[in-house]
A.B. asks: 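Structure incoming, see below.
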Amino acid sequence: MSLPRFEYRAPGTLADALAVRREAGEDALVMAGGLTTVILMRERLARPRLVLSLSEIEALRRIEANGALSIGAMATHAEIVRSPAVAAVAPLIAEACGHVGSPAIRNMGTLGGNVCHADSASDPAPALLALDAEAVIAGPRGERRLPMTGFFQGTLTTALGGDELLAAIRIPRPAAGTASRFVKYTATTAEAFATVTVAMTVVKDAAGACRSARIGLGSVASTPIRATAAESLLAGRRLTREAIDEAARAAADATSPSSNNQGSAGYRREMTRVWVRRLLEDIAAR
Ligand SMILES: Cc1cc2nc3c(=O)[nH]c(=O)nc-3n(C[C@H](O)[C@H](O)[C@H](O)COP(=O)(O)OP(=O)(O)OC[C@H]3O[C@@H](n4cnc5c(N)ncnc54)[C@H](O)[C@@H]3O)c2cc1C
């Protein structure tokens with residue numbers, strides 16, 4: 001099916017893109033890698049007068065580690081997987097991006113497009129939640145930062161205003177000795193959307209007790225979520241079998257999955273418990 005007619009603009013700077021966005025308002029559709037946007041237009045679910053492509057804004061592709069790690073919104077999943085800066089500061093996000101769809105999807109799809117689409121089944125999103133990442137949002141009044149926990153607001157809905165653009169994702173340097181783990185579990189093929197995605201970071205003290213834990217879950221609620229009750233149960237405790245089982249149960253209790261081709265709601269909740277337990281056991285063993 002062909003695409004409906006639209007005006008196409010691809011400014012070279014973020015300032016110009018913001019000006020186009022402000023001027024066109026609801027009539028503009030922002031395009032990053034185009035994977036979702038083109039499907040929306042082809043299926044006539046979106047009929048924008050103007051497509052605002054961010055593809056010519058070089059600054060939005062940058063990946064830099066000056067203290068914190070900054071990943072430009074237009075960096076592709078494949079670029080993140082290959083980035084030495086990402087590997088040095090937050091390999092968890094590279095691992096998550098490496099599990100997105102197929103090589104073609106990773107080459108075209110961007111981290112910004114992935115999180116702005118706000119699909120609960122996003123694979124990078126749970127990793128960003130576990131890494132305490134922030135969205136760097138550009139708008140007419142300048143830049144603001146928002147923790148990713150507040151960025152995802154509902155099914156396919158973010159906290160971005162109609163005159164704003166996601167500029168980058170900022171990931172603070174994890175504390176020394178932070179252990180991180182990621183799993184994308186699918187009931188079908190590795191390239192499918194997940195039954196459940198679990199990402200976690202755990203900081204242990206010298207005695208081996210858990211100082212803090214962050215657990216991000218994908219595909220098991222209307223948005224990617226943090227399992228905060230499970231995190232609280234772990235804080236200050238040794239990672240014993242009992243503590244791990246309690247936390248895994250609390251993580252499963254935090255979910256509200258729907259049934260789909262990746263499993264029934266009950267199965268997805270149970271797989272959440274199983275994978276949170278397994279990843280915590282793996283961290284406890286090292
Ligand atoms: C066949 C297929 C399989 C996939 N499998 C997976 C998978 O296994 N795991 C997974 O996590 N994802 C998967 N995805 C999603 C994919 O990874 C992309 O993230 C997603 O399609 C959008 O990325 P994009 O760069 O193409 O963004 P686009 O499609 O261009 O944009 C997506 C949305 O974000 C908005 N947007 C984009 N960038 C910005 C910005 N900087 N500021 C404001 N708004 C913006 C757009 O307006 C649009 O609403 C899959 C997609 C497809 C088509």
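All ligand and atom numbering here is 1-based and tracks the order in the structure.
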A.B. asks: Contact between ligand 1 and Arg106 is defined here as a heavy atom of the residue under 4.0 Å from a ligand atom; is it met?
C.D. replies: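 Contact check Arg106 vs ligand 1: negative.
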A.B. asks: In ligand 1, which numbered atoms sit nearer than 4.0 Å to a non-hydrogen atom of Cys116?
C.D. replies: 34 (O), 35 (C), 36 (N), 39 (C), 40 (C), 42 (N), 43 (C), 44 (N), 45 (C)
A.B. asks: Give yes or no for whether the N/O distance cutoff of 3.5 Å, strictly under, is met between Ala73 and ligand 1.
C.D. replies: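 No - when backbone and side-chain N and O of Ala73 are compared with those of ligand 1, no distance drops under 3.5 Å.
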A.B. asks: Please identify which atoms of ligand 1 are closer than 4.0 Å to at least one heavy atom of Gly109.
C.D. replies: 25 (O)
A.B. asks: Measuring to protein heavy atoms, does anything land under 4.0 Å from atom 35 (C) of ligand 1?
C.D. replies: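 Answer yes: something from the protein, a heavy atom, is under 4.0 Å.
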A.B. asks: How far is atom 7 (C) of ligand 1 from its nearest protein heavy atom, and which residue and atom name does that atom have?
C.D. replies: Gly101 N, 3.3 Å
A.B. asks: Among protein heavy atoms, which lies nearest atom 50 (C) of ligand 1, and at what distance?
C.D. replies: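 The protein heavy atom lying closest is Phe193 CZ, 3.7 Å.
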A.B. asks: Nearest heavy atom to atom 1 (C) of ligand 1: which of Leu54, Ile105, Val100, Leu14 does it belong to?
C.D. replies: Ile105
A.B. asks: State, to 0.1 Å, how close Thr186 and Phe193 come at their nearest heavy-atom pair, and which atoms those are.
C.D. replies: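 Shortest heavy-atom separation between Thr186 and Phe193 comes out as CG2-O, 3.8 Å.
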A.B. asks: N/O to N/O below 3.5 Å, does that happen between Thr110 and ligand 1?
C.D. replies: yes
A.B. asks: Which ligand 1 atoms are under 4.0 Å away from a heavy-atom of Lys184?
C.D. replies: 7 (C), 8 (O)
A.B. asks: If two hydrophobic side chains count as joined below 4.5 Å and joins carry through other members, does Tyr267 share a cluster with Val183?
C.D. replies: yes
A.B. asks: Please work out whether any backbone atom (N, CA, C, O) or any side-chain heavy atom from C-beta onward of Leu160 is under 4.0 Å from ligand 1, and answer side chain, backbone, both or neither.
C.D. replies: side chain
A.B. asks: Under a 4.0 Å heavy-atom limit, does Met74 contact ligand 1 with its side chain, its backbone, both, or neither?
C.D. replies: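 Near ligand 1, Met74 shows nothing, with every heavy atom at 4.0 Å or more.
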A.B. asks: What are the two closest non-hydrogen atoms of Thr188 and Gln262, and how far apart are they?
C.D. replies: OG1-NE2, 2.7 Å
A.B. asks: Could you find the nearest protein heavy atom to atom 24 (P) of ligand 1 and give me its residue, atom name and distance?
C.D. replies: Gly33 N, 3.5 Å
A.B. asks: Can you name the atoms of ligand 1, numbered from 1 with element, that are less than 4.0 Å from a heavy atom of Pro124?
C.D. replies: 11 (O)
A.B. asks: Which pair of heavy atoms, one from Thr195 and one from Val220, lies closest together, and at what distance?
C.D. replies: O-CG1, 3.9 Å
A.B. asks: How close does the nearest protein non-hydrogen atom get to atom 38 (N) of ligand 1, and which residue and atom is it?
C.D. replies: Ala32 CB, 3.5 Å
A.B. asks: Using 4.0 Å as the upper bound for N to carboxylate O, is an ion pair formed by Asp123 and Lys184?
C.D. replies: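 Salt bridge between Lys184 and Asp123, a charged N being under 4.0 Å from a carboxylate O: yes.
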A.B. asks: Does a side-chain N-to-carboxylate-O contact under 4.0 Å join Arg278 and Glu281?
C.D. replies: no
A.B. asks: Cut-off 3.5 Å, side chains only: do Tyr185 and Thr197 have a donor facing an acceptor?
C.D. replies: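 Checked: Tyr185/Thr197 side chains show no N/O donor-acceptor pair below 3.5 Å.
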A.B. asks: For atom 32 (C) of ligand 1, what is the closest protein heavy atom, and at what distance to 0.1 Å?
C.D. replies: Gly113 O, 3.5 Å
A.B. asks: Side-chain heavy atoms nearer than 4.5 Å, only ILVMFWY residues, links allowed to pass through others: does that put Ile57 and Met74 together?
C.D. replies: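 They do share one cluster, since a chain of ILVMFWY contacts under 4.5 Å joins Ile57 to Met74.
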A.B. asks: Testing the 3.5 Å rule here: is there a donor-acceptor pair between the side chains of Ser212 and Glu231?
C.D. replies: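 Note: Ser212 and Glu231 side chains miss the donor-acceptor criterion.
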A.B. asks: If the threshold is 4.0 Å, N to carboxylate O, is there a salt bridge linking Glu164 and Arg144?
C.D. replies: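 Judged by the 4.0 Å cut-off on N to carboxylate O distance, Glu164 and Arg144 do form a salt bridge.
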A.B. asks: Looking at Arg249 and Asp245, is there a salt bridge between them, counting it only when a charged N and a carboxylate O are closer than 4.0 Å?
C.D. replies: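 No, this pair does not count.
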A.B. asks: Below 4.0 angstrom from a heavy atom of Ser122, which ligand 1 atoms are there? Numbered from 1 as shown, please.
C.D. replies: 11 (O)
A.B. asks: Got an N/O contact under 3.5 Å between Met108 and ligand 1?
C.D. replies: no
A.B. asks: Using a 4.0 Å cutoff against the non-hydrogen atoms of Met31, which atoms of ligand 1 qualify?
C.D. replies: 30 (O)
A.B. asks: Evaluating non-hydrogen atoms only, which member of Thr37, Leu35, Leu156 is closest to atom 31 (O) of ligand 1?
C.D. replies: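 Looking at heavy atoms only, the winner is Thr37.
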